[in-house]
Amino acid sequence: MSEGNDRSRAGQPAPSRTDAVVVGSGPNGLAAAIALAQAGRSVTLLEGEATIGGGCRSAELTLPGYVHDPCSTVQALALASPFLRTLPLARHGLELVHPAAPLAHPLDDGSAVMLERSVESTARGLGPDEGAYRRLFAPLVGRADDLFEGLLAPARAPRHPLILGRFALSAVRSAAALAQSRFTGARARALLTGCAAHSMLSLRVPVSAAFGLVLALTAHAVGWPVARGGSQRLADSLASYLRELGGHIETGRRIESIDELPTGSRPLVLDVTPRGLLGLAGDRLPRPYRRGLERYRYGPGIFKLDWALDGPIPWSAPEAAGAGTVHLGGSFEEVVASEEAVARGEHPERPFVLLVQATVADPSRAPEGKHTGWAYCHVPNGSTRDMTGAIEAQVERFAPGFGDRIIGRHAMDCTEVELHNPNYVGGDINGGLQSVSQLFTRPVARPVPYSTPLDGVYLCSSSTPPGGGVHGMGGFWAAQAALRAQR
Ligand SMILES: Cc1cc2nc3c(=O)[nH]c(=O)nc-3n(C[C@H](O)[C@H](O)[C@H](O)COP(=O)(O)OP(=O)(O)OC[C@H]3O[C@@H](n4cnc5c(N)ncnc54)[C@H](O)[C@@H]3O)c2cc1C
């Protein structure tokens, strides 16, 4: 990957002529740097790894010519993001490409429930729940932009209270309760709980429904695209725009202590988790705040697989062939049981698997006629158990013959996920448990959650509201807090 005219200078001091320093180049770090540069600040962005992007990188993990996304691959939240979508990223090389349908959820009867762009066509596939699905989603989709604005933000007085209130009535419930009370059929129940399982919560706890609603809402309102050429292109386009604004990026600059950074540079915006902040500045933090960071809870981890495939995945349900994402967990009951097992600290025998076949939308990621596969399942935090067999058995269950298509494989357990990116503590890809108590107040309950007790030092990672995902809104809001304080 080209870093343009950026410098990679491990061990050298940061330049002193800079207003703002951002540590970490994940989507939130990049968004914070851009928002600060747009406000006229001179910005230096320091990244510990050799390449920028954090959870938005790509690499040839299996065989030459096969581009894989080790972390994020579906960029729906980038399209929903009230900040990222204002940026001229297409001019900086980003092309988001859509599969024929966002999602398929295969069932054991050989069919697949399809989440289509249109609410109407999705509802038509849900048998007895056609009307119920339309009634639940049509009003929300009609006000999707207002909802994204309200939800991808810290807790604050809502600008659109009526539609947020309508959303909240369903969202505060558990996904299992919402699915059982709104739907009578197996298809709609499986679809909703599969989407909610992205929360990495037990689907029987409050607010787990919110994740299912938001995911389906993004599918209808903006689609579930992938970045042509890999997610790295999204990070590269953000970096390119940052440079155009005068920003400066250095890779290979792992910061061990904030004392390494120029004292005059403010704000200092950190794309790190509470554990990262404790490492960078723990001894300087007042005790109550430090205690808050120490008490912060991380969620379950993931086991990740990437495959090089010598043909498309042979789904039993032909309609699944055109879906970008495929949820493999079978029935509502089975998905709920799998996520409950993980929440109890166990490894499910038949895990719920999130699979993306990016090459159905972006053939450029593999040689002609070949494909890539991306999948993970949830496991207890810190797990080192090899889940390859369990994940591949779930794919084989709905696509007999899948195993014969595998020509290359790359696996990461929780330890390796964290090695890839220190923000994924114990393999938690959301920067902390997304429970009711941590969703809007993360990492420590404060009027401005991005601020820290240290003057001019802010947090912007997914350990701040609105949590995990490639939306850059933690970065945007942290930058706004910093700019407000400097006025
Ligand atoms: C397997 C997997 C699949 C995912 N799938 C999706 C998906 O499909 N869609 C989606 O929206 N989200 C997905 N996510 C989540 C998404 O990637 C993250 O929520 C997002 O990247 C968080 O952005 P961030 O900027 O907060 O931090 P990160 O992207 O984690 O970036 C943090 C950066 O800071 C750097 N850093 C940390 N500490 C230091 C230090 N001390 N000095 C210098 N640099 C430092 C790190 O090296 C890293 O580059 C996935 C994540 C994983 C792991």
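On a predicted model such as this, the values are computed, not experimentally measured, just so you know. Just so you know, ligand 1 is whichever comes first in the structure, and atom 1 is the first atom listed for that ligand.
Both the backbone and the side chain of Arg254 come within 4.0 Å of ligand 1, judged by heavy-atom distances. At a heavy-atom distance under 4.0 Å, only side-chain atoms of Val272, from C-beta outward, approach ligand 1. With a 4.0 Å cut-off on non-hydrogen atoms, Phe303 does not touch ligand 1 at all. Of the heavy atoms in Pro70, only backbone atoms (N, CA, C, O) come closer than 4.0 Å to ligand 1.
Among Gly469, Gly24, Ser72, the residue whose heavy atom sits closest to atom 20 (C) of ligand 1 is Gly469. The residue from Thr464, Ile429, Val22, Asp271 that puts a heavy atom closest to atom 15 (C) of ligand 1 is Ile429. Considering only non-hydrogen atoms, atom 22 (C) of ligand 1 lies nearest to Ser462 out of Gly55, Cys56, Gly472, Ser462. The closest heavy-atom contact to atom 23 (O) of ligand 1, among the options Pro27, Gly26, Pro422, comes from Pro27.
Classification of Glu416 and Lys304 as a salt-bridged pair fails, no side-chain N sitting under 4.0 Å from a carboxylate O. Under a 4.0 Å N-O distance rule, the pair Arg233/Asp362 does not qualify as a salt bridge. For Glu418 and Arg275, the salt-bridge test passes: some basic side-chain N is under 4.0 Å from an acidic carboxylate O. Looking at Asp69 and Arg365, a side-chain N of the basic residue comes within less than 4.0 Å of a carboxylate O on the acidic one, giving a salt bridge.
If you number the atoms of ligand 1 from 1 as listed, the ones under 4.0 Å from a heavy atom of Arg253 come out as 42 (N), 43 (C). Ligand-side atoms of ligand 1 in range of Val23: 40 (C), 42 (N), 43 (C), range being under 4.0 angstrom from any heavy atom. Annotation for ligand 1: atoms under 4.0 Å from non-hydrogen atoms of Gly468 are 19 (O). Near Trp374, meaning under 4.0 Å from any of its heavy atoms, are these atoms of ligand 1: 3 (C), 5 (N). When each atom of ligand 1 is checked for a heavy atom of Ile302 under 4.0 Å away, the hits are 1 (C). Residue Lys304 approaches ligand 1 through these ligand atoms, each under 4.0 Å from one of its heavy atoms: 1 (C). Close approach of ligand 1 to Glu49 is summarised as follows: ligand atoms under 4.0 Å from at least one heavy atom of the residue are 47 (O). For ligand 1, the atoms lying closer than 4.0 Å to a non-hydrogen atom of Gly54 are 29 (O), 31 (O), 48 (C), 49 (O).
Distances between N or O atoms of Glu47 and those of ligand 1 include at least one value under 3.5 Å. Annotation: Asn421 places an N or O atom under 3.5 Å from an N or O atom of ligand 1; distance criterion only. The shortest N or O to N or O distance between Ser461 and ligand 1 is not under 3.5 Å. Considering backbone and side-chain atoms together, Val417 places no N or O closer than 3.5 Å to any N or O of ligand 1. In terms of polar-atom proximity, Arg57 is not counted as a contact of ligand 1, lacking any N or O under 3.5 Å from an N or O of the ligand. Residue contacts with ligand 1: Asn28 is placed with a nitrogen or oxygen under 3.5 Å of a nitrogen or oxygen of the ligand (distance criterion only).
Protein heavy atom closest to atom 18 (C) of ligand 1, with residue, atom name and distance, is Tyr424 OH, 3.7 Å. Nearest non-hydrogen protein atom to atom 43 (C) of ligand 1 is Gly48 N, 3.1 Å. Protein heavy atom nearest atom 9 (N) of ligand 1, with residue, atom name and distance: Val74 O, 2.9 Å. Protein heavy atom closest to atom 32 (C) of ligand 1, with residue, atom name and distance, is Asn423 ND2, 3.3 Å. Nearest non-hydrogen protein atom to atom 11 (O) of ligand 1 is Val470 N, 2.8 Å. Among all protein heavy atoms, the one lying closest to atom 42 (N) of ligand 1 is Ile255 N, 3.0 Å.
A side-chain N or O of Trp224 and one of Thr218 form a donor-acceptor pair less than 3.5 Å apart. Judged by distance alone, the side chains of His378 and His347 never bring a donor and an acceptor atom under 3.5 Å apart. Between His92 and Ser240, the side chains place a donor N or O and an acceptor N or O closer than 3.5 Å (distance only, hydrogens not considered). A donor and an acceptor atom, one from each side chain of Gln357 and Trp315, are located under 3.5 Å apart. If you check the side chains of Tyr458 and Gln480, you find no donor sitting under 3.5 Å from an acceptor. Using modelled atom types, one finds no donor on one side chain facing an acceptor on the other under 3.5 Å when comparing Ser81 with His471. Side-chain contact annotation: Ser58 with Gln232, donor-acceptor N/O pair under 3.5 Å absent. Side-chain contact annotation: Glu60 with His68, donor-acceptor N/O pair under 3.5 Å absent.
Side chain of Gln438 to main chain of Arg297: a donor-acceptor pair is present (N/O by atom type, distance under 3.5 Å, no hydrogens or angles). Using a distance-only test at 3.5 Å, with no hydrogens or angles considered, no donor-acceptor pair links the side chain of Glu95 to the main chain of Ala227.
The closest approach between Gly474 and ligand 1 stays at or above 4.0 Å for every heavy atom of the residue. Using a non-hydrogen distance threshold of 4.0 Å, Asn430 does not register as a contact of ligand 1. Residue contact annotation: Ala31 has no non-hydrogen atom under 4.0 Å from ligand 1.
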Stepwise side-chain hydrogen bond (donor to acceptor under 3.5 Å, both in side chains) check, Tyr289 with Glu294
CA-CA 9 Å; Tyr289 185 79; Glu294 286 163 355; over 6 Å; no
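Contact of the His105 side chain with the Val335 side chain is registered, since non-hydrogen atoms from C-beta on lie closer than 4.5 Å.
No more than 12 heavy-atom neighbours from other residues, nucleotides or ligands sit within 6.0 angstrom of CZ on Arg291.
In this structure, Phe402 has its ring center under 6.0 Å from that of Trp307.
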